[in-house]
Amino acid sequence: MSQKDKTMNQKERAGLCLWYDFPADKGEPILAGGGFGTTPEDNQWQQFTLPIGNSHMGAAIYGGIEHEKLTFNHKTLWNGGPAIQRPDYNGGNKELTSDGERMADIYERIQSLFKEGRKEEASGLCENLVGSEDGYGAYQSWGSIKFDFDGLVSEQIPSDYKRELDLENALAGVSFTLNNTKYTREYLASYPDHILAVKLTAQGIDKLNFQVSFPVNNEEDIIQRKLGKLVSYRIVDDSTIVTSGQLQDNQMRFCSVLKVITNVGDIEAGTQEGTLYVKDAAQVIILVAAGTDYKNKYPGYRTGETEQQLFLRVSETLEKAGIRTYEDLKERHKKDYHNIFGRVKLDLGQADIVKPTDILLKAYQLQQASEGEKRLLEVLVYQYGRYLTIQSSRTGDLPSNLQGVWLNRVGDENRVPWGCDYHMNVNLQMNYWPVYSANMAECAEPLITYVDSLREPGRVTAEYYYGIKSKAGEQNGFSSHTQNTPFGWTCPGWKFSWGWSPAAVPWILQNCWEYYEYTDDYESLRDKIYPMLREQVKLYDQLLTDSKMKITRADGTVSTRLVSVPTYSPEHGPYTMGNTYEQVLLYELYTEAITGAEILDVDYESIEQWKRTRDRLAPIEIGESGQVKEWYSEKELGSIGEKNHRHMSHLLGVYPGHLISSETDEYREAAIISLIDRGMESTGWGMGQRLNSWARLGRGNEAYRIIELLMEKGLYPNLWDAHPPFQIDGNLGYTSGVTEMLLQSNAGCIHILPALPDAWHSGSIKGLMARGNVEVEINWTNHKAVQIKLFSVNGGTVHVKCAGIADMDVTDDKGKIMEYIKEGTEHIRFHMKKGGIAFIGNNKKPD
Ligand code: FUC
């Protein structure tokens with residue numbers, strides 16, 4: 001290891017840990033709780049607990065001294081969907097309106113009215129285009145793992161108390177000393193072994209004496225409203241708590257097995273049903289496995305397992321893990337985690353000091369942090385976004401939801417924020433913005449598989465609402481809207497103004513397409529991604545209609561615009577015939593399908609037709625204030641819509657799209673005017689979107705100002721993002737945004753330091769990914785890249801853009817000069833071998 005690498009690692013070690021000197025229930029909340037009946041307890045939970053997860057399961061740790069608690073989740077534990085009391089459940093889709101008219105007829109009528117210019121009548125009819133509320137459901141908290149310790153009573157928090165989350169190893173821990181005994185607790189959630197593992201130790205005079213329980217979260221009113229859990233607890237083998245149950249709402253079965261292992265000390269039955277008492281132990285290992293009979297398979301969404309079969313499956317998981325020692329489980333967990341997390345290292349010149357995270361955040365908020373401390377928090381939150389992704393989105397599972405996998409609430413969507421669903425209105429998209437660029441591509445598998453699973457139920461939506469039918473086995477078009485659940489909920493919600501959003505699918509497909517762009521994985525493109533794009537284009541081929549709006553292209557040719565009708569720009573303004581939001585996404589969709597077909601060498605005739613269609617979408621128009629119009633009828637800024645609205649979907653061509661970039665000058669200036677108009681402050685994900693957009697526009701200092709505002713106003717002490725309540729998209733949008741400030745690859749080249757702010761004058765980043773499967777490392781000093789290292793996984797031509805690059809030389813890993821083609825002062829192109837390395841540096845000898 002070089003000296004430089006060592007310094008980087010030391011700094012990372014000091015920085016890459018969240019830690020506190022008090023338990024979660026003793027913290028003073030710094031922000032209001034948010035809506036959805038957020039209680040003081042919910043607020044405490046969302047601001048202070050520390051999360052671990054293996055995607056399927058999640059836990060959030062309090063770190064109480066006498067009473068320790070971990071809220072526990074399983075990603076599939078959802079109310080809603082198919083159920084005995086909902087024999088006709090159909091993804092919320094309704095064929096008929098409440099007046100008995102066919103939705104598809106109303107849809108057609110709305111289109112005709114809009115075309116006749118009868119906007120008010122058309123808009124009035126839009127409210128009919130809704131789905132049912134019945135069966136939407138909500139994600140449910142499972143319960144809590146509790147430890148009630150005897151003898152750990154203290155008036156004060158011990159001075160050596162520490163509660164921490166080590167991001168480098170994905171380990172959470174609590175430690176303190178009481179009565180000359182040192183207590184440590186370590187928590188991990190293992191993806192390779194499918195378990196949660198806990199190690200408790202007491203070193204000194206006293207031993208561990210505690211009751212352990214695993215009660216489900218089942219508030220009384222929830223049971224009365226039949227949204228609760230029917231549950232039974234039993235003790236097996238004198239050391240294992242088995243919980244078996246069913247959700248009242250949809251009869252989903254769930255089962256958990258918690259096993260206590262001690263080598264010294266006794267395990268006895270506890271005082272209440274389903275509890276165990278551990279006596280006089282110096283070390284205790286606890287393993288937890290859990291599962292449900294959910295299966296993402298339309299239309300039943302169940303495995304079909306009996307209670308006993310589910311129990312056997314969960315027990316088997318636990319038994320397999322139980323053969324291994326705790327240390328072995330921990331090593332396997334760390335290896336799996338390091339493989340993804342360890343790829344990216346960020347050094348912004350952060351301070352090498354160790355301060356509790358809440359103190360660091362507070363100093364930042366009060367503008368009392370040193371520059372080094374600010375960098376430390378900026379790096380920490382960056383890597384936290386990567387940690388949260390790895391902990392909440394792994395192969396074989398559902399994607400991360402609005403809170404990743406962590407939730408402490410039960411009930412309906414008025415209590416569980418937005419049902420904690422799969423919101424495709426920027427939220428699910430944002431969760432997956434950093435996966436490719438920040439080198440975690442495998443974490444996107446749950447998303448791609450999930451979107452694929454919306455196709456079958458989504459064909460019902462296409463049929464009912466647009467009259468587009470797929471015969472058995474046919475793929476004639478699928479649709480889905482804002483809200484989505486694990487049960488193929490594809491209807492347009494129960495209110496048009498937030499529920500209707502067919503462009504949600506092209507939008508999320510963009511994330512799926514990016515998987516191919518970054519990995520060059522031909523098989524995935526052929527077998528999964530292109531078929532989805534193709535079917536979506538097929539849908540829009542049938543939906544798009546001539547608006548009679550005149551468009552004049554850059555080359556002077558004139559035609560009329562094809563639009564989808566009705567459209568609504570999230571979540572304000574009028575109902576219209578097309579809008580920038582939807583047209584931009586469609587432009588990108590057609591482009592992705594065309595490119596995909598060309599790569600795969602298929603659908604030649606369609607490619608030509610798709611190009612003609614794309615040519616008539618004309619997504620972007622500039623308004624009288626020089627802005628990107630959100631609606632085609634908009635004149636000057638502010639003439640329509642709400643000022644400072646948190647959504648800025650008319651700017652999707654900036655990010656995550658490609659229509660507006662620092663290369664397209666005319667649109668770029670317009671986008672800046674529109675961005676300024678939306679304001680710098682917003683909710684969590686709103687900050688994430690602003691950050692990524694400023695970065696894409698090459699405006700590092702504005703991007704950095706967003707970062708400062710996010711730190712100052714938008715994060716809880718546990719660094720979760722505050723919508724409020726907690727919503728994980730803002731965390732992941734931040735990680736994506738920082739990546740976009742340092743590296744971009746959307747405009748046909750690998751752009752080095754495209755939006756470096758003044759505050760980050762020197763630093764290094766290692767392991768970012770550029771499109772075309774190229775790994776990039778950048779070292780910069782005084783705002784200038786001094787060395788760039790590229791690793792081309794698949795080989796091919798690379799086009800690199802960087803200020804001053806024409807004065808640098810390119811060498812291979814043996815130090816041999818590589819030939820390149822120079823284009824102006826900022827661009828070079830050269831060929832790389834598969835697995836080849838290139839160093840671009842400022843080592844040129846004077847001529
Ligand atoms: C969108 C946003 C809300 C919230 C919800 C989950 O509808 O407008 O702010 O984030 O998603």
Side-chain angles (χ1 to χ4, degrees), residues 104 107 111 448 451-463 465-480 490 502-517 519-547 551 553 555 557 559-565 567 578 581-620 652-653 656-659 748 771:
Y107 177 75
Q111 293 202 332
I448 296 168
V451 176
D452 197 26
S453 78
L454 296 177
R455 292 169 75 191
E456 275 192 87
R459 286 180 199 132
V460 177
T461 308
E463 179 181 345
Y465 292 87
Y466 323 128
I468 293 175
K469 208 174 158 121
S470 292
K471 292 191 216 96
E474 208 187 8
Q475 301 180 356
N476 195 28
F478 71 105
S479 183
S480 190
T490 49
V505 174
W507 193 353
I508 201 74
L509 282 175
Q510 197 169 43
N511 290 62
C512 302
W513 165 250
E514 285 191 344
Y515 179 86
Y516 173 74
E517 284 197 306
T519 62
D520 269 351
D521 178 346
Y522 185 87
E523 275 81 36
S524 292
L525 176 68
R526 185 189 59 203
D527 302 340
K528 269 194 145 173
I529 300 163
Y530 180 70
M532 295 198 275
L533 293 169
R534 187 178 188 274
E535 187 175 5
Q536 189 60 194
V537 167
K538 218 165 179 192
L539 176 86
Y540 274 100
D541 277 347
Q542 297 166 81
L543 290 184
L544 286 170
T545 171
D546 193 337
S547 67
I551 50 169
R553 299 189 192 82
D555 64 5
T557 53
S559 69
T560 49
R561 178 184 276 127
L562 290 177
V563 292
S564 66
V565 188
T567 42
Y581 157 64
E582 196 143 334
Q583 298 291 113
V584 163
L585 289 171
L586 294 181
Y587 193 97
E588 306 266 3
L589 170 74
Y590 275 84
T591 304
E592 290 151 12
I594 292 164
T595 317
E598 284 173 346
I599 294 166
L600 296 171
D601 210 7
V602 294
D603 295 330
Y604 317 106
E605 280 164 28
S606 301
I607 292 176
E608 291 315 308
Q609 180 240 309
W610 293 342
K611 284 185 178 165
R612 285 194 295 276
T613 302
R614 183 180 62 173
D615 199 35
R616 290 184 61 195
L617 291 170
I620 296 172
L652 293 181
H658 315 299
L659 274 168
R771 286 171 177 79

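These figures come from a predicted structure and were not determined experimentally. Residues: numbered from 1 along the sequence shown.
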Dump the intermediate steps for side-chain contact (heavy atoms from CB on, under 4.5 Å) on R459 and E474, then the final yes or no. CA-CA 10 Å; R459 286 180 199 132; E474 208 187 8; over 6 Å; no

Using side-chain heavy atoms (C-beta onward) and a distance below 4.5 Å, is [X] in contact with [Y]?
X	Y	result
Q609	D541	yes
R616	D546	yes
T519	S524	no
W507	L589	no
K611	I607	yes
L617	Y540	no
Q542	N476	yes
T490	F478	no

Nearest 0.5 Å, what's the [atom1]-[atom2] distance between [X] and [Y]?
X	Y	atom1	atom2	result
L533	Y516	CG	OH	12.0 Å
D452	E535	CG	CD	9.5 Å
L659	T591	CG	OG1	7.0 Å
Q475	K538	CD	NZ	8.0 Å
E592	W513	CD	CH2	6.5 Å
Y590	I594	OH	CD1	9.0 Å

Restricting to non-hydrogen atoms, name the atom on [X] and the atom on [Y] that form the minimum distance, rounded to 0.1 Å.
X	Y	result
Q111	L543	NE2-O, 4.0 Å
G467	A104	N-CB, 3.6 Å
L539	G477	CB-CA, 3.8 Å
D615	R553	O-NE, 3.1 Å
V537	A593	CG2-CB, 3.5 Å
V563	S547	CG2-CB, 3.6 Å

Any donor-acceptor pair under 3.5 Å linking the side chain of [X] with the backbone of [Y]?
X	Y	value
R561	A618	yes
E463	I468	no
E588	H658	yes

Task: Aromatic centroids of Y107 and Y465 separated by under 6.0 Å - done: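 Not under 6.0 Å, so no.
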
Member of P531, P502, S479, P506 meeting the side-chain contact (heavy atoms from CB on, under 4.5 Å) criterion with Q536: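 Output: one option passes, namely P506.
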
**Asked** Between W610 and Y530, what is the ring plane arrangement, given parallel below 30°, perpendicular above 60°, and tilted in between?
**Response**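 Aromatic pair W610/Y530 classed tilted.
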
Distance-only donor-acceptor check, side chains S564 and E582, under 3.5 Å
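E582 and S564 do have a side-chain donor-acceptor pair below 3.5 Å.
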
